[in-house]
There are 2 protein chains.
Amino acid sequence: MPKRKALTESQIRRIAKALADPRRHDILKKVGARTHGVACADLRECQPVSAATLSHHLKDLEAAGLITIVRRGKFADIILQRDVLEAYLNHLRAI
Amino acid sequence: MPKRKALTESQIRRIAKALADPRRHDILKKVGARTHGVACADLRECQPVSAATLSHHLKDLEAAGLITIVRRGKFADIILQRDVLEAYLNHLRAI
DNA sequence: TCATCATTTAGACGGTTATCGAATTATCAA
DNA sequence: TTGATAATTCGATAACCGTCTAAATGATGA
């Protein structure tokens, strides 16, 4: 039996909304594809979007708990939180 | 290895958006909880929402492929499409 | 046929959100 | 310190979305 992280209702709502935008979905994919942290500039290479917009989306994803953003000097270090995504999957599976 | 239904990009987008609204999420849960078809009126008992709004949400869920709506005389027969939901889960899992 | 009930459509309104450019903060290197 | 680079914040705008009421459609039964 896998350990399951519990999600609050409001976190579930935030996650669902975060996943609903194609741009954020793409960002998540890109971040998940790398084992090491990703910087904003890396993402901008594949997302035809302004830095302001990207930053905005990242904040949404972070608020949902799907990523963490650690500032490392000049760069951001963006990491996918697989356990949160997994918990959301479990939640959907329960439908 | 389970058979996997393939989803188009646009269907994935529709599904994600459909799941993003708490009301639709609740509707889906309610529909999934029953083995037999559900009618609109059944849903209205637990959703404090007008019939028009409910119908609107059902159309979104149907467009996403998450439910089918069959008109049976006076009533609608709403059925969860588990295989589509499952396919979406597989898609998210691939992140 | 007529009244009634279940659902859908049409049209409108208010709130949310994705987006941008410009200004700001933070860090590094020369 | 100064300039360049990375990212965030601010303020504005346009599009989208959830909701409603009112009206229409469709089916059942008296």
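To find a chain, count down the sequence lines: A is the first, B the second, and so on, and within it residues start at 1.
- A salt bridge between R24(B) and D60(B) is present, with a side-chain N of the basic residue lying under 4.0 Å from a carboxylate O of the acidic one.
- In the set dA10(C), dC20(C), dT7(C), the nucleotide with an atom closest to the side chain of V49(A) is dC20(C).
- Nearer the 5' end of DNA chain C, as judged by each residue's closest nucleotide, is the contact made by I69(B), out of I69(B) and P48(A).
- For S50(A), no side-chain nitrogen or oxygen approaches OP1 or OP2 of dT19(C) to under 4.0 Å.
- In this structure, F75(A) atom CZ and dT25(C) atom C1' are separated by 16 Å, rounded to whole Å.
- Residues I27(A) and K30(A) form no side-chain contact, since every pair of their non-hydrogen atoms from C-beta on lies 4.5 Å or further apart.
- In the 5' to 3' direction, nucleotides of DNA chain D lying under 4.0 Å from heavy atoms of chain A begin and end at dT5(D) to dT9(D).
- Note: CZ (R71(B)) to P (dA6(C)) measures 11 Å, nearest angstrom.
- In this structure, R24(A) reaches the sugar-phosphate backbone alone: every heavy-atom distance under 4.0 Å involves primed, P, OP1 or OP2 atoms, never a base.
- Two residues are said to be in side-chain contact when any heavy atoms from C-beta on lie closer than 4.5 Å; N90(A) and L7(A) fail this criterion.
- I78(A) has its side chain out of reach of D42(A): every pair of non-hydrogen atoms, C-beta onward, lies at least 4.5 Å apart.
- D26(B) is not listed as a side-chain neighbour of L28(B), based on a closest heavy-atom distance of 4.5 Å or more.
- Counting heavy atoms from C-beta outward, K59(B) and S55(B) have side chains that stay 4.5 Å or more apart.
- Put simply, NZ on K59(A) is 13 Å from C1' on dA18(C), counting in whole angstrom units.
- Nearest nucleotide to the side chain of K74(A), out of dA18(C), dT7(C), dT27(C): dT27(C).
- For an aromatic pair to be called close, the ring centres must be under 6.0 Å apart, and H91(A) with H25(B) satisfies this.
- For the pair Q47(B) CD and dT7(C) P, the computed distance is 14 Å after rounding to whole Å.
- Protein atom CG of L54(A) is 10 Å distant from nucleotide atom P of dC20(C), rounded to whole Å.
- In this structure, CG of L61(A) is placed 10 Å from P of dA18(C), rounded to the nearest angstrom.
- Remark: C1' of dT16(C) and NZ of K17(A) are 7 Å apart, rounded to the nearest angstrom.
- Residue contacts for H57(A): at a heavy-atom cut-off of 4.0 Å it reaches the sugar-phosphate backbone alone, with no base atom in range.
- A76(B) comes within contact range of the sugar-phosphate backbone alone, with a heavy-atom separation under 4.0 Å but no base atom that close.
- Within 4.0 Å (heavy atoms only), A41(B) reaches sugar-phosphate atoms of the nucleic acid but no base atom.
- Mapping R72(A) and T53(A) onto DNA chain C by nearest heavy atom places T53(A) closer to the 5' end of the strand.
- At a threshold of 4.5 Å between non-hydrogen side-chain atoms, the residues I15(A) and Q11(A) count as touching.
- Across all strands, D60(A) comes closer than 4.0 Å only to sugar-phosphate atoms, never to a base (heavy-atom distances).
- Here dA18(C) presents its C1' atom at 15 Å from CG of D26(A), a figure rounded to the nearest Å.
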